There are 2 protein chains.
Amino acid sequence: MPMATLRDVAAHAGVSISVASRVLNDDPEVRIRAETRQRVVDAARLLSYAPNSAGRSLRKARSSVLALVVPDVTNATFTDLTRGVEEEALRRGYSVLLGSSERMQPGTQGFSRLLSERRVDGVLLQKGDDTRGELVTSALTDHRQITFVNSGPVEDISTVALDDQTGAALATQHLLDLGHRRIGLVNGLPTADTGRRRAEGFATALAGAGLRADERHVTELGYTLPAGRNAARLILSRPHPPTAVVVANVNAAFGVLLEAREMGVDVPGSLSVVAVHDVWEADIPVPALTTVKMPMVELGATAVSELLDRISGGPARHAVVRDPAPVVVLRESTAPPPA
Amino acid sequence: MPMATLRDVAAHAGVSISVASRVLNDDPEVRIRAETRQRVVDAARLLSYAPNSAGRSLRKARSSVLALVVPDVTNATFTDLTRGVEEEALRRGYSVLLGSSERMQPGTQGFSRLLSERRVDGVLLQKGDDTRGELVTSALTDHRQITFVNSGPVEDISTVALDDQTGAALATQHLLDLGHRRIGLVNGLPTADTGRRRAEGFATALAGAGLRADERHVTELGYTLPAGRNAARLILSRPHPPTAVVVANVNAAFGVLLEAREMGVDVPGSLSVVAVHDVWEADIPVPALTTVKMPMVELGATAVSELLDRISGGPARHAVVRDPAPVVVLRESTAPPPA
DNA sequence: CGACCCTGGACAAACGTTTGTCCAGACCCT
DNA sequence: AGGGTCTGGACAAACGTTTGTCCAGGGTCG
């Protein structure tokens with residue numbers, strides 16, 4: 001006997017529907033006799049009643065679902081983010097709809113239907129290297145329904161980001177501490193906001209040691225493995241190459257490792273490599289990849305909080321997740337520079 | 001002016017709500033004058049009307065959402081599956097709710113609320129090594145609401161699986177073709193249905209060459225990297241170890257590679273390794289991992305089809321996805337046996 | 001010319017909830 | 001004893017959609 005409705009519960013308990021609803025929702029504004037309340041609770045339990053979400057959504061004009069849209073689920077970088085989002089959402093009584101296929105990207109029907117059909121109350125958007133921000137904001141009727149993850153800040157839209165400066169600075173400092181002086185940066189595309197911030201942190205750390213980045217040691221080719229390969233080839237084939245590189249993304253770092261190996265460049269003997277973002281796959285390459293662990297789970301959780309707050313009327317904020325602080329995860333790809 | 005409702009459209013077009021609904025849904029059973037139909041379409045477009053999903057769900061007793069539950073999103077094995085599911089679902093007018101955190105696992109509140117609150121019409125479940133099938137089926141009021149992915153067959157429940165026998169046989173045959181005669185199997189837990197099937201394929205291929213598996217060369221430790229490490233240590237430390245192993249899972253294969261390296265066993269010089277499932281991460285280790293590519297995307301798509309078919313009254317089927325057929329992706333971890 | 005049958009569309013019920021309002025009785029007070 | 005205040009709960013509207021049924025007018029046919 002599935003599908004017990006509120007009417008069934010009320011009838012079984014011998015009360016009106018409204019009383020049943022108020023009891024089961026713990027409505028504080030209402031006075032019900034304890035014995036009656038118990039009858040309702042018992043009936044609900046007996047019939048294994050669960051509120052129909054469609055009915056509830058219709059009445060409350062709220063679906064209690066939010067969407068998380070990422071460029072691709074394939075990217076290991078986003079798995080921790082996903083976990084953080086899911087856990088915080090569940091804690092708040094929300095479910096998460098995951099959008100990752102291209103048909104769900106901003107600008108597509110799939111994306112806009114999410115909001116216009118009121119399937120979700122809001123969207124968490126992690127933009128890819130190629131998705132343009134204007135495309136999103138213009139298609140949006142209500143800026144409160146969206147929160148950007150790892151991009152921005154954007155006027156009137158809530159954003160949540162990692163402390164990329166500190167992360168990149170920490171990676172750089174790790175190399176400085178090992179004794180490196182010629183340090184390169186393999187960065188994402190110039191359009192990526194995270195890339196800009198990581199370049200800042202990189203420069204800051206260098207400046208703290210009285211150094212400056214050599215632009216021939218810096219690339220902005222993207223956050224993919226092939227991009228990392230290209231970057232490594234570019235940087236290492238020039239005369240007077242760096243003895244170490246900070247890679248802004250772990251996938252690109254895998255590419256750097258592979259290309260260095262192919263070019264006969266010993267890592268970490270002749271070249272140290274450290275990447276921003278820690279994933280378990282960092283154990284796989286030879287040498288295993290030293291990384292800076294960023295609080296991705298907390299990023300996801302914070303993103304949910306900010307979105308929910310904004311939806312319910314809060315102001316657009318630009319949150320930066322600094323807790324827990326970035327930390328170096330030492331593996332095998334970094335060592336002192338060659339003598 | 002967001003949130004146009006059907007009533008707004010009807011009013012603007014000067015027709016009744018029912019006519020507006022029928023026109024916009026292309027109801028074939030009804031006769032509307034062409035000019036009237038156009039007025040409705042224009043009004044809908046002008047007001048950028050989109051049907052409210054809560055209202056529709058309530059009326060049709062169907063949410064047009066289905067859930068995909070996997071042990072963890074972190075697992076690269078499942079990313080292609082996710083993509084296949086999402087694309088097929090979208091094509092059928094469904095959205096996908098992703099459940100992965102432990103709070104969403106079978107037996108938890110999160111899981112059962114999905115169905116009892118009618119948030120989703122059905123669930124696609126990829127069980128983990130540890131989730132017990134009984135826990136799921138017992139909590140289920142209606143067997144038509146679920147489809148198992150990669151496990152089963154189970155009585156009265158639709159299942160969809162890969163052709164694991166052929167996949168494992170192909171991997172084994174690849175090693176046989178290279179000239180190997182002592183071939184081991186690093187398998188998943190004995191409780192995993194996929195493991196059983198892959199062991200079958202392994203044995204079949206061996207038998208085809210007039211060989212039999214040596215049980216000292218077979219482990220059933222699980223589908224994780226540490227499990228792979230343990231398996232390798234176990235198999236390789238015994239006297240007269242195999243010259244090649246088939247690993248039933250790519251994560252475990254990474255573990256085998258790492259452990260072999262640590263033990264000083266040369267791959268592929270002294271030991272060839274081939275894994276079932278192809279992921280892009282196979283390029284990362286040294287040597288790069290040879291795999292057998294399985295049709296994961298198609299598995300996801302088929303799972304959606306089967307679930308939707310079952311929901312709408314079809315029989316419980318046990319589908320096996322054989323198209324495209326498994327194929328060896330040759331990288332660097334396999335070679336002829338040592339002389 | 002009356003009985004029919006189309007055509008094109010309107011009416012209204014129902015899906016399951018939440019929530020504002022109202023009311024009957026019991027109790028209190030002076 | 002009469003007016004007032006609580007208590008405990010019932011009534012009903014509304015959220016937006018789909019869909020079964022009904023109906024007025026105009027045409028057709030015998």
Side-chain angles (χ1 to χ4, degrees), chain A residues 1-41 43-44 47-65 93 113 115-119 121, chain B residues 1-41 43-44 47-65 93 113 115-119 121:
Chain A
M1 47 188 61
M3 283 258 19
T5 156
L6 201 49
R7 174 177 12 223
D8 300 335
V9 174
H12 195 273
V15 299
S16 73
I17 291 185
S18 63
V19 166
S21 172
R22 288 182 158 106
V23 165
L24 295 177
N25 286 340
D26 279 329
D27 185 338
E29 302 289 336
V30 88
R31 308 142 310 204
I32 308 278
R33 206 185 317 167
E35 185 257 347
T36 306
R37 178 184 304 271
Q38 192 58 46
R39 277 212 320 277
V40 172
V41 171
L47 302 177
S48 66
Y49 165 78
N52 178 304
S53 68
R56 173 174 289 183
S57 296
L58 185 55
R59 175 63 221 245
K60 306 191 79 165
R62 182 156 56 84
S63 66
S64 294
V65 175
R113 282 177 51 180
L115 285 168
S116 62
E117 293 183 359
R118 288 271 183 294
R119 264 196 196 322
D121 295 338
Chain B
M1 44 191 62
M3 283 258 20
T5 155
L6 201 49
R7 175 178 9 226
D8 302 334
V9 174
H12 195 274
V15 300
S16 73
I17 292 185
S18 63
V19 165
S21 172
R22 288 182 158 109
V23 165
L24 295 176
N25 287 338
D26 278 330
D27 185 337
E29 303 287 336
V30 89
R31 307 143 310 203
I32 309 278
R33 206 184 317 166
E35 185 258 348
T36 307
R37 178 184 303 271
Q38 192 57 46
R39 276 211 322 275
V40 172
V41 171
L47 302 177
S48 66
Y49 166 79
N52 179 304
S53 69
R56 172 174 290 184
S57 296
L58 184 55
R59 174 62 222 249
K60 306 191 77 163
R62 180 157 58 85
S63 67
S64 294
V65 176
R113 281 177 51 180
L115 285 169
S116 62
E117 293 183 358
R118 288 274 186 289
R119 259 176 166 38
D121 295 336

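A quick note: this is a predicted structure, and the numbers were derived from the prediction, not measured. Chain letters run A, B, ... following the sequence lines, proteins first and then strands; every chain starts at 1.
Between A:Ser64 and B:Arg119, the closest side-chain pair of non-hydrogen atoms falls below 4.5 Å. Contact check for B:His12 versus B:Leu47: side-chain heavy atoms found under the 4.5 Å cut-off. In this structure, A:Val19 and A:Arg22 have side chains that are not in contact, with every pair of non-hydrogen atoms separated by 4.5 Å or more. With contacts defined as side-chain heavy-atom distances shorter than 4.5 Å, the pair B:Leu24/B:Leu6 qualifies. Between B:Arg39 and B:Ile32 the shortest side-chain heavy-atom distance does not fall below 4.5 Å. Inter-residue side-chain proximity for B:Arg37 and B:Val40 is flagged as unmet; no heavy-atom pair is nearer than 4.5 Å.
Listed here is the closest heavy atom pair of A:Ala54 and B:Ser57: CB-CB, 3.8 Å. Annotation for B:Thr5 and B:Tyr49: closest pair C-CE1, 3.6 Å, computed over non-hydrogen atoms. Taking both residues in full, the closest heavy atoms of B:Asp8 and B:Met3 are given as OD2-O, 4.1 Å, listed atom of the first, atom of the second, then distance.
Within the 4.0 angstrom heavy-atom criterion, only backbone atoms of the sugar-phosphate kind lie near B:Thr36; the bases stay farther away.
For DNA chain C, runs of at least 3 consecutive pairs of the Watson-Crick or G-U wobble type, with both hydrogen-bonding distances under 3.5 angstrom, map to C:1-30 with D:1-30.
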- Which letters describe nucleotides 10-17 of chain C, given B = protein heavy atom under 4.0 Å from base, S = only from sugar-phosphate, - = neither? BBBBBBBB
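B:Asp121 contributes atom CG, which lies 11.0 Å from atom NZ of B:Lys60 (distance to the nearest 0.5 angstrom).
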For nucleotides 24-26 of chain C, tabulate all protein N/O to nucleotide N/O atom pairs closer than 3.5 Å, reporting atom names and distance.
none

- How far apart are the C-alpha atoms of B:Val65 and B:Arg118, what are their side-chain angles, what is the distance that settles it, and do they pass the side-chain contact (heavy atoms from CB on, under 4.5 Å) test? CA-CA 9 Å; B:Val65 176; B:Arg118 288 274 186 289; over 6 Å; no
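In this entry the distance linking CD of A:Glu35 with P of D:dG8 reads 11 Å, nearest Å. We find that CZ of B:Arg33 is positioned 14 Å from P of D:dG25, with the value rounded to whole Å. Rounded to an integer number of Å, the gap from B:Glu29 CD to C:dG9 C1' is 16 Å.
Within the 4.0 Å cut-off from OP1 or OP2 of C:dG9, not a single side-chain nitrogen or oxygen of B:Arg31 is found.
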